[in-house]
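This structure is a prediction, so every number in the text was calculated from the model and none was measured. Lettering of chains follows the sequences in order, A, B, ..., and the numbering in each one begins at 1.
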Amino acid sequence: MPRTLITSAIPYINGIKHLGNLVGSQLPADLYARYCRARGDEVLFLCSTDEHGTPAELAAAKAGKPVDEFCAEMHEVQAEIGKGFGLSFDHFGRSSSPQNHRLTQHFAGALADNGLIGEVSEKQVYSNADGRFLPDRYIEGTCPNCGYDKARGDQCENCTKQLDPTDLIEPRSAISGSTDLEVRETKHLYLKQRSLRDDLSKWIDSKADWPVLTTSIAKKWLNDGDGLQDRGITRDLHWGVPVKKGTEDWPGMEGKVFYVWFDAPIEYIACAEEWQDAGKGENWERWWRTDKGAEDVRYVQFMGKDNVPFHTLSFPATLLGSGEPWKLVDYIKSFNYLNYEGGQFSTSQGRGVFQDQALEILPADYWRWWLLSHAPETNDTEFTWETFQQDVNKDLADVLGNFVSRVTKFCRSKWGEEVPAGGELSDNGKALIDELQAKLTEYTAQMDAIEVRRAAATLRSMWVAGNEFLQSAAPWTSFKQDPEAAAADIRLALNLIPVYAVLSAPFIPFSAARMLADMGAEGAAWPTDLSAALIALPPGHAFTVPDVLFAKIPDEDRESWAARFSGTRT
RNA sequence: GGGCCUGUAGCUCAAUUGGUUAGAGCAGAGCGCUCAUAACGCUUUGGUUGCGGGUUCAAGUCCUGCCGGGCCUACCA
């Protein structure tokens with residue numbers, strides 16, 4: 001049995017995410033996980049919240065809560081939202097878990113033992129009023145180049161000039177506004193990525209099947225300028241994984257924590273341990289250690305394009321540099337961005353639809369279907385309420401939902417709520433099975449290749465084929481002269497419903513479950529031979545005519561939502 | 001500034017990597033059907049492939065210049 005390890009980029013803890021975050025990693029990862037399970041793979045699908053770093057501390061302060069409490073609450077909120085969207089994580093962990101603390105410290109120790117950690121003394125801006133060191137972009141001041149008075153310490157947003165915090169005129173803390181800043185000497189650990197450059201380069205070159213979006217970003221970092229640079233992996237913060245060398249203290253690093261981008265990917269591994277410790281499975285190392293059974297695991301990661309450097313370089317550098325047999329990623333599926341009504345989704349401006357709001361106004365499957373069938377695979381994609389309404393109404397309500405409705409209701413009116421007996425498979429029926437069998441092959445190949453939009457289009461065309469079949473078979477006409485022929489056609493059409501449900505479940509799991517329940521076909525498996533699958537419900541098999549599977553989105557709702565989400569979250 | 005990606009029908013996207021007449025879905029138009037959520041089916045309008053040069057027997061595809069959009073640029077994550 002193939003074994004597939006799937007991770008989705010872990011969402012940051014500081015607030016509720018918008019739909020762009022969902023479609024860029026978690027949702028396609030879930031699609032693939034559900035598909036792999038349905039095909040019989042052994043799957044471990046992991047995700048977590050990414051809880052460390054300055055923004056988490058600041059968000060907690062803003063909420064007036066201790067950071068650990070804030071993160072615990074937000075983790076629960078995000079976990080609930082994930083459930084609401086049907087994200088089928090085998091475990092939804094936390095990067096602040098004890099497992100990740102231990103593992104992160106372990107990796108740092110292993111890297112140090114291999115001579116891959118250096119200590120660098122550097123000057124950092126410290127804010128006395130805030131009582132903390134400030135990352136460059138949390139320092140504001142006047143740009144020495146253009147005079148813009150809200151330039152950030154890393155770059156001026158107005159003239160785009162790269163800056164050093166010390167370049168700013170009248171620098172102040174972006175957090176408190178305090179000008180009581182000073183430059184302090186502080187010591188940090190660096191991961192010597194330079195020493196691993198050749199190994200990483202060779203590894204990336206071996207990934208000929210990766211999307212250009214992924215490899216070109218990696219190669220840029222490997223080859224640009226002086227090549228891959230060493231990277232600081234510690235920070236002067238309180239909230240995070242304390243710096244330790246394995247289980248031992250690290251002299252000179254007291255009070256410091258690892259940089260969030262060092263510990264966050266390690267959480268992919270720690271999450272498997274959390275999964276085991278939560279009693280959901282055992283022997284987690286057989287997913288992650290090639291010396292303990294992970295040799296035959298295929299590992300696939302999902303992420304937005306902004307995350308690519310960390311997953312192609314920093315994290316592999318950590319794994320390779322440890323000298324231990326950790327499983328490296330086999331395939332990276334990266335996504336572009338989802339835009340909103342001609343601009344970007346904006347968390348700060350409250351522009352666009354946030355995940356909790358999306359679930360309030362419509363069932364998860366509406367969002368899943370639209371987002372996945374428009375996944376930004378080759379380009380940034382645009383969400384507009386008008387196309388969303390049109391597409392969802394057409395695809396789900398008219399094509400799929402109405403198919404189920406017309407078939408079950410016609411049957412009920414002529415034979416009652418059970419599969420009718422009599423007649424034989426018609427020529428129309430045979431043609432339909434052949435057509436669907438060909439499309440199923442296509443669909444499977446697209447899902448295997450994680451071609452999300454294409455797979456959605458193929459699936460939809462299978463739904464359409466059902467309507468075409470009804471039109472050509474016209475059982476409402478044949479019933480008058482030849483009720484047995486009509487019965488045979490309707491029997492086939494009824495059998496189509498569980499097949500559609502199973503094939504569609506990765507996209508629309510909630511509706512698929514309802515379809516199976518109403519047809520009394522809960523145990524239906526992924527079909528390979530459609531001739532067999534389409535006689536699974538025998539004559540006499542009872543079913544229930546489903547309630548409306550997908551209610552249409554009326555214009556009034558669309559209009560009010562478009563107004564409500566145009567800016568400023570309420 | 002630099003690197004990479006990108007621009008195809010009103011909209012969202014394709015085009016087997018240089019090969020016949022650039023295709024789908026939606027929207028629009030016409031016809032049909034009456035089982036169904038005013039649903040379904042069939043037919044159909046619509047393109048100087050951002051603009052200008054070039055290479056080639058052949059260019060949406062390769063080169064070049066310009067115009068527009070996006071991402072990254074290593075201390076946000």
Side-chain angles (χ1 to χ4, degrees), chain A residues 9-14 50 52-56 58 122 124-125 133-139 152-155 160-162 164-165 188 193 211-213 215-217 219-221 223-225 228-232 235-236 259-261 264 304-310 313-314 334 336-337 339 344 370 373-384 386-388 390-391 393-399 401-414 453-454 456-457 460-461 464 466-477 479 486 490 493 545 547-552:
Chain A
I10 63 179
Y12 198 63
I13 195 71
N14 63 343
D50 178 12
H52 297 136
T54 308
L58 297 180
E122 55 194 21
Q124 283 264 304
V125 174
F133 283 93
L134 297 177
D136 290 356
R137 69 175 52 198
Y138 283 100
I139 302 159
R152 293 190 321 201
D154 57 338
Q155 184 176 38
T160 73
K161 186 177 171 60
Q162 310 252 347
D164 210 57
H188 282 295
Q193 299 187 130
V212 181
L213 183 66
T215 49
S216 66
I217 293 172
K219 285 179 180 170
K220 164 79 157 91
W221 282 51
N223 302 321
D224 194 39
L228 187 64
Q229 298 298 298
D230 294 346
R231 190 172 184 98
R235 291 291 184 272
D236 288 296
Y259 178 38
V260 58
W261 260 113
K305 58 185 167 185
D306 52 328
N307 276 334
V308 167
F310 302 98
L313 301 169
S314 315
S334 54
N336 291 285
Y337 290 146
N339 289 321
Q344 299 194 329
W370 193 90
S373 62
H374 292 77
E377 290 176 295
T378 52
N379 262 317
D380 290 354
T381 295
E382 175 110 346
F383 174 93
T384 69
E386 197 167 333
T387 56
F388 174 73
Q390 275 174 2
D391 293 340
N393 285 353
K394 191 74 185 170
D395 297 348
L396 296 182
D398 295 345
V399 176
N402 183 54
F403 173 81
V404 172
S405 180
R406 66 194 295 206
V407 170
T408 52
K409 285 182 179 171
F410 181 74
C411 181
R412 180 174 62 185
S413 74
K414 304 300 182 199
R453 275 190 321 223
R454 283 177 192 229
R460 184 189 190 280
S461 77
V464 168
N467 284 309
E468 290 170 347
F469 164 73
L470 287 181
Q471 182 67 30
S472 54
W476 47 88
T477 303
F479 182 80
I490 285 298
V545 172
D547 291 332
V548 170
L549 270 179
F550 303 99
K552 291 204 193 194

Tell me which nucleotide, if any, is Watson-Crick or G-U wobble paired with [N] when both distances must be under 3.5 Å.
| N | result |
| --- | --- |
| B/C71 | B/G3 |
| B/G32 | B/C40 |
| B/G18 | none |
| B/G60 | none |
| B/C66 | B/G50 |

A/K552 and A/N393: side chain to side chain donor-acceptor pair (under 3.5 Å), yes or no, with the steps? CA-CA 5 Å; A/K552 291 204 193 194; A/N393 285 353; over 6 Å; no
Give a yes or no answer on whether the side chain of [X] reaches the backbone of [Y] with a donor-acceptor pair at less than 3.5 Å.
| X | Y | value |
| --- | --- | --- |
| A/N307 | A/A9 | no |
| A/R235 | A/Y259 | no |
| A/S405 | A/G401 | no |
| A/Y12 | A/H52 | yes |
| A/E377 | A/R453 | yes |

Would you say the base of B/C35 stacks on A/W476 (centre-to-centre below 5.5 Å, plane angle below 30°)? yes
According to side-chain hydrogen bond (donor to acceptor under 3.5 Å, both in side chains), who are the partners of A/Q124, at least two apart in sequence or on a separate chain? none
Do any side-chain nitrogens or oxygens of [X] fall under 4.0 Å of OP1 or OP2 in [N]?
| X | N | value |
| --- | --- | --- |
| A/R460 | B/G25 | no |
| A/Y259 | B/A77 | yes |
| A/Y337 | B/C72 | yes |

For [X], report the nucleic acid contact type (base, sugar-phosphate, nothing); a contact means any heavy atom under 4.0 Å.
| X | answer |
| --- | --- |
| A/T381 | sugar-phosphate |
| A/F479 | nothing |
| A/V407 | nothing |
| A/V260 | sugar-phosphate |
| A/K409 | sugar-phosphate |
| A/E122 | base |
| A/L470 | nothing |
| A/G401 | base |
| A/T54 | sugar-phosphate |

Quick one: does [X] reach the base of [N] with a side-chain donor-acceptor pair under 3.5 Å?
| X | N | answer |
| --- | --- | --- |
| A/Q124 | B/C75 | yes |
| A/N402 | B/A36 | yes |
| A/W261 | B/A77 | yes |

Over how many whole Å does the gap from [X] atom [atom1] to [N] atom [atom2] extend?
| X | N | atom1 | atom2 | answer |
| --- | --- | --- | --- | --- |
| A/F310 | B/C72 | CZ | P | 10 Å |
| A/K305 | B/C4 | NZ | P | 16 Å |
| A/N467 | B/A38 | CG | C1' | 15 Å |
| A/D306 | B/C4 | CG | P | 20 Å |
| A/D154 | B/U73 | CG | P | 10 Å |
| A/N336 | B/C72 | CG | P | 11 Å |
| A/R454 | B/U12 | CZ | P | 19 Å |
| A/K220 | B/G2 | NZ | P | 12 Å |

With RNA chain B as reference, determine whether A/D395 or A/S413 sits nearer its 5' end, using the nearest nucleotide of each. A/D395
With nearest nucleotides of RNA chain B determined for A/R406 and A/D391 from heavy-atom distances, which residue corresponds to the more 5′ nucleotide? A/D391
What interatomic distance, in whole Å, is found between [atom1] of [M] and the corresponding atom of [N]?
| N | M | atom1 | value |
| --- | --- | --- | --- |
| B/A38 | B/U21 | P | 45 Å |
| B/G10 | B/U49 | P | 12 Å |
| B/G18 | B/G70 | C1' | 27 Å |
| B/G41 | B/C33 | P | 16 Å |
| B/G46 | B/A24 | P | 15 Å |
| B/C67 | B/A74 | C1' | 31 Å |
| B/A59 | B/G50 | P | 15 Å |
| B/A77 | B/C71 | C1' | 16 Å |

Give the minimum heavy-atom separation between A/E382 and A/W370, together with the two atoms involved. O-CH2, 3.5 Å
From the set [options], return the single nucleotide nearest to any side-chain atom of [X].
| X | options | answer |
| --- | --- | --- |
| A/P55 | B/C76, B/C75, B/A14 | B/C76 |
| A/T387 | B/C11, B/C72, B/A36 | B/C11 |
| A/E382 | B/C40, B/A77, B/U12 | B/U12 |

With syn defined as a glycosidic torsion within 90 degrees of 0 and anti otherwise, which applies to B/U45? anti
Report yes if the side chains of A/Q193 and A/Q229 come closer than 4.5 Å at any heavy-atom pair, otherwise no. no
When you compare the protein's N or O atoms with those of nucleotides 27-32 of chain B, which come within less than 3.5 Å of each other, and at what distance?
unit_1 : atom_1 : unit_2 : atom_2 : d
B/G32  : N2     : A/Q471 : NE2    : 3.4

Quick one, A/T381 with A/Y337, criterion side-chain contact (heavy atoms from CB on, under 4.5 Å). Give me CA distance, side-chain angles, the key distance, then yes/no. CA-CA 6 Å; A/T381 295; A/Y337 290 146; over 6 Å; no
For the NE2 atom of A/H374 and the CZ atom of A/F388, what is their distance to the nearest 0.5 Å? 10.0 Å
